[in-house]
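Read through the structure below, which is laid out as structure tokens, and then see the notes.
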Amino acid sequence: MESRGPPVLISRQSVPRDRRRPSSPTVSRRVAAAANTVLVRTRFAPSPTGYLHIGGVRTALFNWLFTRRHGGQFILRIDDTDQQRNVEAALAPILHGFRWLGIDWDEGPEVGGPHAPYYQSQRQAQYQAAVERLLADGFAYRDYAKTEEIAVEREAAEKEKRPFLYSRRFMATSDADRRRFESEGRTAVVRLKMPRDGTLAIDDQIRSRVEFDWAREQDHVIQRADGSCLYHLANVVDDHDFEITHVIRAEEHLSNTPRQIFILESLGYERPVYAHLPYVAEPGSKTKLSKRKLDKYLKNRDFAQICEHGRAIADALGFHPEAETFNPVIVDFYEQVGYLPDAILNYLALLGWSLDDRTEFFTRQQMIDSFTLDRVNRAPASFDPKKLWAFQDHYMQELPLEEKVERTLPFLERARVVASPSGDKVRRRLRQVIEAAGDRIKVAGDILDYADFFLPDDSVRYDEAAFDKQLRREAKATERLQRFRDRLAAAETFDPAELERLLQEFVTAEGIAVGNIIHALRVAVTGKSVGFGLFDALAILGRNASVARIDRAIGRR
RNA sequence: GGCCCCGUCGUCUAGCCGGCCUAGGACACAGGCCUUUCACGCCUGCAACACGGGUUCGAAUCCCGUCGGGGUCACCA
């Protein structure tokens, strides 16, 4: 006898596709009925892998924005049915990443909640109960087939170019069957007894109506012979237990949805609202972004540039992270290098979503207030680290001076450029440097470009190419420097305006252009050929340091 | 291969229940201005409706087909 799902499973209704996707009747009814009660509950289910992937953050962010907009609850559930060892250690960086970004969760690890536990590994009893109900109600069966026997059937079907459907030859329908199979030394897994006719329609909030033929669905295994349960079963049971109302997840789960709906409706659960997000694609491509293909991304100029910039800061910090986990695909990269969470969130929100044709900057609250599922795009969006950088640039420029001080100081300390904890003197100088540097500091770690302002005069590190060009190859350069040095040493005051006046006076007297001395002077004092205003630099260093540095540069020639 | 999803500048996108689109914005890129270098800023430029058929006075927008890209088909999650 064919077992069929409950009648609600089957729908032949045809509804014209509507690109605007007004919210489905289900949703509006819930929202209306809810009025004051909380009716939106969403979840993100990270696997404890040891790092937070940028694509995962995007998915979590959309869940979070949607939930916050509706005053609901956002839940973190841990998908650890697979790996049992070191879950806590592998989870820590993920939770840390969310905290750093300011994506908070209402229930889940570390915060608990009324539906604990939030770890799938601790919920076997619930899954077991669900399996037993499915079995008792005829929506699942014990299957004694060996893996090879299934494979043979599948290959035969493929050879004949017909869709594969398991014959259910080893399905046990009675205790007698079980005894017989077991006497042959077979063990049983539990399979879903999927419908074999009719269609299933899913009204996805992003993709409108999507239909599937039940006959294409396999009798998926939901429980292994050893009693452990598989993901789809666990997922459905947990979503129900946690009272999840909206399942907002990546597109790759769309094809898995029919079996999940079969399970949940067989169990008598109400369907959540589904919204399948387009995935985040590789830079300049439409292929799904993956942490495993770093080599490939490094061939992308922009990606490589952002990566290299981050590595340089890591170097200056004195730590040498593994390429696998230190790159723009992993969130930790941004924290280590000194990006702003707001910039990342803003960039990510616009990756697959937009409010209109011009708004690009959103505060968190604005994002929450304006986020709707119907403005989520359907095509995959490729990850563009350069654009993320542009957002970072913008947010950094908006940051008040004192906050820049707070964010950059730890970098100087970690790089041991200044003592830790540092004193007021360091903070004062840091303030001066940041003001002078202005928007040249794109990420907090960029402060290390100005480390020489905090180091002793005799340890300035020179850009040798620049030193060569400005000081060694220009014969007259050092003589001029020497003469200007003497004027500096005798200067009355040492502020930028006065210094500039002094230099103007000097070049007039020498009969040269400003350009004929200023570059050499910059290299002598800062070690580099690039940087912020030279008069600011001299003023920050003060007379003694400036003179000492010029002397040293002349001397080492 | 079956099933499902998707297809507007290099990238993110607006527009998509037809005319306001000689397709708008942003990033990137190129050139210029500013300038002691770099960065910022400002100005200018480059650049797209995948293709082919329909329907229509009129299509990026509706219909059909083709092509292309992707996802998924596990006793992984």
Side-chain angles (χ1 to χ4, degrees), chain A residues 16 18-20 45-47 49 79-83 120 143 145 147 150 154 157-158 161-164 187 189-191 202 204 206-207 210-213 215-218 220-226 228-232 234-235 250-258 276 278-279 281 283-288 300-302 347 350-361 375 377-391 393 397 437-442 446 449 466 470 500 503 507 513-519 521-523 526 528-535:
Chain A
D18 178 1
R19 302 197 70 131
R20 301 198 138 185
S47 209
T49 50
D79 264 351
D80 60 345
T81 53
D82 214 18
Q83 52 276 73
Q120 292 196 320
D143 180 48
T147 313
I150 300 277
R154 178 175 282 121
E158 274 166 20
K161 291 189 173 178
R162 70 180 151 78
F164 164 67
T187 53
V189 297
V190 177
R191 284 184 188 276
I202 299 168
D204 190 276
I206 293 167
R207 278 151 222 286
V210 182
E211 295 187 7
F212 295 89
D213 286 335
R216 305 281 146 168
E217 294 295 315
Q218 302 301 318
H220 304 281
V221 173
I222 53 173
Q223 186 174 39
R224 299 186 183 93
D226 67 3
S228 60
C229 290
L230 270 354
Y231 169 76
H232 295 289
N235 185 54
E251 184 191 356
E252 61 250 40
H253 291 281
L254 185 55
S255 312
N256 299 328
T257 309
H276 286 93
Y279 56 85
S285 152
K286 289 295 178 204
T287 308
K288 195 179 149 193
N300 175 290
R301 189 183 58 172
D302 296 341
Y347 169 72
L350 258 15
L351 203 56
W353 175 83
S354 66
L355 176 61
D356 53 33
D357 60 340
R358 52 195 65 252
T359 316
E360 29 174 2
F361 299 114
R375 289 207 58 91
N377 239 67
R378 306 146 102 153
S382 68
F383 177 67
D384 181 355
K386 252 317 192 21
K387 185 139 187 176
L388 195 167
W389 173 265
F391 276 94
D393 191 0
Q397 287 190 40
D439 41 44
R440 290 170 184 82
I441 296 172
K442 309 285 190 195
D446 284 341
D449 286 345
Q470 302 298 347
E500 180 160 14
L503 187 86
V507 297
V514 170
N516 289 326
I517 174 137
I518 204 160
H519 302 297
L521 189 54
R522 177 188 298 283
V523 173
T526 69
K528 300 184 183 67
S529 58
V530 298
F532 52 74
L534 182 61
F535 304 114

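Residue numbers start from 1 in every chain, and the chains themselves are labelled A, B, ... in the order their sequence lines are given, proteins ahead of strands. What you are looking at is a predicted structure, and each value in this text was computed from that prediction instead of being measured.
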*On a whole-Å scale, what distance lies between the P atoms belonging to G7(B) and U13(B)?*
11 Å

*If the sugar-phosphate is the primed atoms plus P, OP1 and OP2 and the base is the rest, what is the B/S/- string for nucleotides 31-51 of chain B, using protein heavy atoms under 4.0 Å?*
-----BBBBS-----------

*To the nearest angstrom, how far is Arg162(A) atom CZ from C3(B) atom P?*
16 Å

*If we take the C1' atom in both G41(B) and A47(B), what is their distance in whole Å?*
24 Å

*Would you say Thr81(A) reaches A77(B)'s phosphate, i.e. side-chain N/O to OP1/OP2 under 4.0 Å?*
yes

*If you take all heavy atoms of Glu360(A) and Phe391(A), which pair is closest and at what distance?*
O-CE2, 3.3 Å

_Exercise: identify the closest heavy-atom pair between Pro380(A) and Ala281(A)_ = CB-CB, 4.5 Å

_For U61(B), the Watson-Crick or wobble counterpart (both distances under 3.5 Å)_ = none

*asked:* Between C1' on G2(B) and CZ on Phe212(A), what's the gap in Å once rounded to a whole number?
replied: 13 Å

*asked:* Under the rule for ring-ring contact (aromatic ring centres under 6.0 Å, His included), what residues qualify as partners of Trp353(A), not counting sequence neighbours?
replied: Phe362(A), Phe371(A)

*Val514(A) and Val507(A): which non-hydrogen atoms are nearest, and at how many Å?*
CA-CG1, 4.0 Å

_Applying the Watson-Crick and G-U wobble criteria at under 3.5 Å, what pairs with A30(B)? Answer none if nothing qualifies._
U44(B)

*What integer number of Å spans the C1' atoms of G53(B) and G32(B)?*
47 Å

*Mind listing the closest non-hydrogen atom pair of Tyr347(A) and Asp384(A) along with its distance?*
OH-N, 2.8 Å

*Starting at the 5' end of RNA chain B, which residue's closest nucleotide do you reach first, Ile150(A) or Trp353(A)?*
Trp353(A)

*5'-most contact on RNA chain B: Arg224(A) or Ser354(A), nearest heavy atom basis?*
Ser354(A)

*Mind checking who C21(B) pairs with, Watson-Crick or G-U wobble, both distances under 3.5 Å?*
none

*Mate of U55(B) where both pairing distances stay under 3.5 Å, Watson-Crick or G-U*: none

*What integer number of Å spans the C1' atoms of C38(B) and A48(B)?*
34 Å

*Distance between the P atoms of U11(B) and G69(B), in whole angstroms?*
15 Å

*Looking only at heavy atoms, what is the nearest atom pair of Gln223(A) and Leu230(A), with distance?*
N-CD2, 4.0 Å

*Quick one: side-chain hydrogen bond (donor to acceptor under 3.5 Å, both in side chains) partners of Asp357(A), sequence neighbours excluded?*
none

*Heavy atoms only: give me the nearest Glu252(A)-Tyr279(A) pair and the separation to one decimal.*
OE1-CB, 4.2 Å

Protein-nucleotides 20-26 of chain B N/O pairs under 3.5 Å:
| residue | atom | partner | partner atom | Å |
| --- | --- | --- | --- | --- |
| G24(B) | N2 | Asp357(A) | O | 3.3 |
| A26(B) | O2' | Glu360(A) | OE1 | 2.8 |
| A26(B) | N3 | Lys387(A) | NZ | 2.9 |

*Check every atom of C6(B), A28(B), C12(B) against the side chain of Arg378(A) and return the nucleotide holding the closest atom.*
C6(B)

*Choose from G10(B), C5(B), C75(B) the nucleotide whose nearest atom is closest to any side-chain atom of Asp384(A).*
G10(B)

*What is the distance from NZ of Lys386(A) to P of C12(B), rounded to the nearest Å?*
16 Å

*Could you state the CD1-P distance from Ile202(A) to C3(B), rounded to the nearest angstrom?*
17 Å

Can you name the atoms? Protein N/O to nucleotides 68-73 of chain B N/O, anything below 3.5 Å, with the distance.
| residue | atom | partner | partner atom | Å |
| --- | --- | --- | --- | --- |
| G70(B) | O2' | Tyr279(A) | OH | 2.2 |

*Side chain to side chain, Ile206(A) and Arg378(A), heavy atoms closer than 4.5 Å*: yes

_Whole-Å gap separating C1' (A74(B)) and CG (Asp143(A))_ = 14 Å

*Counting side-chain heavy atoms from C-beta on, which of C75(B), A77(B), G7(B) comes nearest to Ala379(A)?*
G7(B)

*asked:* Among residues at least two apart in sequence or on other chains, which ones pass side-chain hydrogen bond (donor to acceptor under 3.5 Å, both in side chains) with Arg162(A)?
replied: Glu160(A)

*Look at all strands and tell whether Thr359(A) reaches a base, only sugar-phosphate, or nothing, counting heavy atoms closer than 4.0 Å.*
nothing

*With both distances under 3.5 angstrom, what nucleotide forms a Watson-Crick or G-U wobble pair with C38(B)?*
none

*Give none if A50(B) has no partner; otherwise give the nucleotide forming a Watson-Crick or G-U wobble pair with it, both distances under 3.5 Å.*
U66(B)

*Would you please say whether a donor-acceptor pair under 3.5 Å links the side chains of Ser228(A) and Arg224(A)?*
yes

_My understanding is that a pair needs two contacts under 3.5 Å, Watson-Crick or G-U wobble. By that rule, which nucleotide pairs with C3(B)?_
G71(B)

